[in-house]
There are 2 protein chains.
Amino acid sequence: MPLPPSRATLIEVATLAGTSKTSVSRFFGPERDKLSPALCARIERAAHTLGYRPNLMARGLKGGGSRLLGMLVADIRNPFSVALVHGVEQAARAQGYSLIVCNTDNDPVLEQTQLATLAAYQVEGLIINASGQPEAPLQALMHSGVPLVLLDREVNQLKADVIGLDNAQAIDMALEHLVLQGYRSVLYVSESPTQASTRQARLIRFEQQARPRGLTSRTLLLNSLEPDAVLPTLKAFAQSAGPAAVLCGNGNVTLALARGFQRLGLAMGPVGLMGIDELDWCALIAPGITTLAQPTDAIGRAAVTCLLNQLKSTTPATVLHRHAPRLCPRGSTQLSSFTPEESNNP
Amino acid sequence: MPLPPSRATLIEVATLAGTSKTSVSRFFGPERDKLSPALCARIERAAHTLGYRPNLMARGLKGGGSRLLGMLVADIRNPFSVALVHGVEQAARAQGYSLIVCNTDNDPVLEQTQLATLAAYQVEGLIINASGQPEAPLQALMHSGVPLVLLDREVNQLKADVIGLDNAQAIDMALEHLVLQGYRSVLYVSESPTQASTRQARLIRFEQQARPRGLTSRTLLLNSLEPDAVLPTLKAFAQSAGPAAVLCGNGNVTLALARGFQRLGLAMGPVGLMGIDELDWCALIAPGITTLAQPTDAIGRAAVTCLLNQLKSTTPATVLHRHAPRLCPRGSTQLSSFTPEESNNP
DNA sequence: CTGTTAGCGCGTTCAA
DNA sequence: TTGAACGCGCTAACAG
């Protein structure tokens, strides 16, 4: 009988150990050292044979806190989001917190519901990767004392910490790389930037920085990731004069454009292709797709650290809010059609 | 002030509405119709202005149930697992349940911890995608009355419902496809099947069915997905006589082998490549990789249905345990190097 | 060091 | 139809 879970209660353990609830409670709390070794041993044994584990719901009810963190994710099927969840979950567990993850499938309505659910479970803190602009509910939550951190995307008017990629730096790195590789004109492709602050930030930076670096720039905003949405512009762009490259605002866009290249029979490299977000298959396609990898684990960890700082509100140990990407150069941004020995990049 | 969450209590609402806790409780429970319209209106308004939402932790404490389902995932960074989570979460939400997801990173030790955590939060049911063989803890959980469903992978000796792919059918479909395409010898590549029942089931079926279908068969078991682990065998196999194809036991293996093909400069098609699990990029690589897609949403939905049946234990509405895959034929299993007009397959 | 008492926010008797 | 009283499992005062 290895681990008969939870269903035993504090009282049962207490009676079996011939003591009171309080001592048992102390045994499982931070005051274990205030108990005599003898008592400890008795409780230890009783709890073990009963397979007792504290009921965290009941604990949360009093003052102990639920030890629960809530996380809202805009699109759980996006590998980038999953990587964030993974990082957050690891960091939370390391601090003794559990995570309840709610997906919103990029639906602002569902987002409101999920937020309410999270609040109803008395989470001690919230990590928000917003779909829409749930400013009001979040404002209310903050006002009612729930610590809160924004992940990857900001929310209008909401004064809260935002943890994520340094978008300006990412665009700068991309442009610098493309210039260095000899490209003279760049098409920036992004999903509709109205909902997501990250997309806006990248787009704006691109528009600011492309010309100063001597690049001819052009922009394509996508409402759909269907191949057909990309084809006409891509086709025209590929025929433009001079060495030209496409820069993709995120992983989804990179996927859509890789499809576009395939449909049009375009060779990567002669027409450059580069994307923000690193994906499993980027090293696999033809000469390899150059990417900017986000440090997702670090971002997730930073979010948790930041949140817990707010909770303990002591040591304002500053955490890094803007994280630098890592360049993974591959064949898709090499103008010369000379195929390199090794196009992988770990 | 749109949604000041949760922090208001039943009592505050009651006093503001000039009534008692009980009535408010009823208003939010299934007995709302036993209240006079007048009272309903008053409570409605009071609750609204206070932004009251029932505290689900407290509710779970009594008899009401926590409305929480727990889910254990072996590897949250695997797109297949994520798809399952997505399906489960949708179905759970549709039934008014929330989901707390714990990742185990394929670590049996961490798995035990996470299981204990889930139990401690008084989840009403458990959906388990096992990493190891946590037979004892699960047995104990079942014994203590927690409904439980196994997802994708079985656990030794544990008598519980298992929901997932029909592995035998999947292997059969794959072999049939390969035979039809003219391949005469097949190499089956799998990760180490010791921990995961699914891998065993597929492997065994392959070994049983390959010869009867007139195929020369060979097997490669991987302890690592590094390219080097694949290369020697793959190289030798590619030089074997007659039309030969590689069959990959899951998405990770498909990725590893696609890398292997690339490293060796092997053309897909002339040497066949096929995999279980559909991934974003399978249609993108060279002539397209043929796959067997798992109906992840249906599987997730079935798991929740099955679990909820156990909870209500009324209507033993049977759910489908073994789900059929869907074949996505592409160029990687076409012997003739003739490139098809369209190698995509939705 | 240890036990007693009093709630946490809620659902559920049971009377009224 | 409504309300008062009790208890869920636990922690936090406050005594002994």
Side-chain angles (χ1 to χ4, degrees), chain A residues 4-44 46-47 50-68 96 119-124 144-145, chain B residues 5-44 46-47 50-68 119-124 144-145:
Chain A
S6 193
R7 307 308 169 184
T9 83
L10 201 54
I11 292 202
E12 305 182 55
V13 177
T15 47
L16 199 159
T19 179
S20 74
K21 309 193 308 183
T22 311
S23 298
V24 179
S25 173
R26 286 196 177 113
F27 181 81
F28 286 97
E31 314 186 51
R32 178 181 306 197
D33 36 345
K34 291 184 181 176
L35 294 181
S36 71
L39 226 196
C40 273
R42 288 195 348 253
I43 295 179
E44 166 87 70
L50 255 40
Y52 169 77
R53 301 215 74 222
N55 179 333
L56 294 188
M57 296 257 157
R59 162 143 48 197
L61 201 49
K62 200 53 200 288
S66 63
R67 302 298 282 179
L68 258 186
Y121 279 111
Q122 310 297 105
V123 295
E124 293 187 49
S144 76
Chain B
S6 193
R7 307 306 169 187
T9 83
L10 202 53
I11 293 202
E12 306 182 56
V13 177
T15 46
L16 199 159
T19 177
S20 75
K21 312 191 307 184
T22 312
S23 299
V24 180
S25 173
R26 285 198 176 111
F27 181 81
F28 286 98
E31 314 185 50
R32 178 180 306 196
D33 36 345
K34 291 184 181 174
L35 295 181
S36 71
L39 226 197
C40 272
R42 294 206 329 266
I43 296 180
E44 166 86 69
L50 254 39
Y52 169 79
R53 300 213 75 224
N55 179 333
L56 293 188
M57 295 255 155
R59 160 137 58 191
L61 202 49
K62 200 58 198 292
S66 61
R67 303 298 281 180
L68 257 187
Y121 278 111
Q122 311 296 105
V123 295
E124 292 187 49
S144 76

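Per chain, numbering begins at 1; letters A, B, ... match sequence-line order.
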Nearest to the side chain of [X], which nucleotide is it out of [options]?
{"X": "A:R26", "options": "C:dG3, D:dA5, D:dG9", "value": "C:dG3"}
{"X": "A:L10", "options": "C:dG11, C:dG3, D:dC10", "value": "D:dC10"}
{"X": "B:E31", "options": "C:dT12, D:dG3, D:dC10", "value": "C:dT12"}
{"X": "B:S20", "options": "D:dA5, D:dG9, D:dA4", "value": "D:dA4"}
{"X": "A:K62", "options": "D:dT2, C:dG7, D:dG7", "value": "C:dG7"}
{"X": "A:T9", "options": "D:dT2, C:dC10, D:dG9", "value": "D:dG9"}

Determine the contact category for [X]: base if any of its heavy atoms lies under 4.0 Å from a base atom, sugar-phosphate if only primed atoms, P, OP1 or OP2 are that close, otherwise nothing.
{"X": "A:T22", "answer": "base"}
{"X": "B:S25", "answer": "base"}
{"X": "A:L35", "answer": "sugar-phosphate"}

Whether B:E124 side chain and B:S66 backbone form a donor-acceptor pair below 3.5 Å: yes

Atom of A:F28, atom of A:A47 and distance for their closest heavy-atom approach: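 Shortest heavy-atom separation between A:F28 and A:A47 comes out as CZ-CB, 3.8 Å.
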
Which heavy atom of A:A17 sits nearest to which heavy atom of A:A46, and what is that distance? CB-CB, 3.8 Å

Is any side-chain heavy atom of B:V24 closer than 4.5 Å to a side-chain heavy atom of B:T19?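 The answer is yes; the side chains approach within 4.5 Å.
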
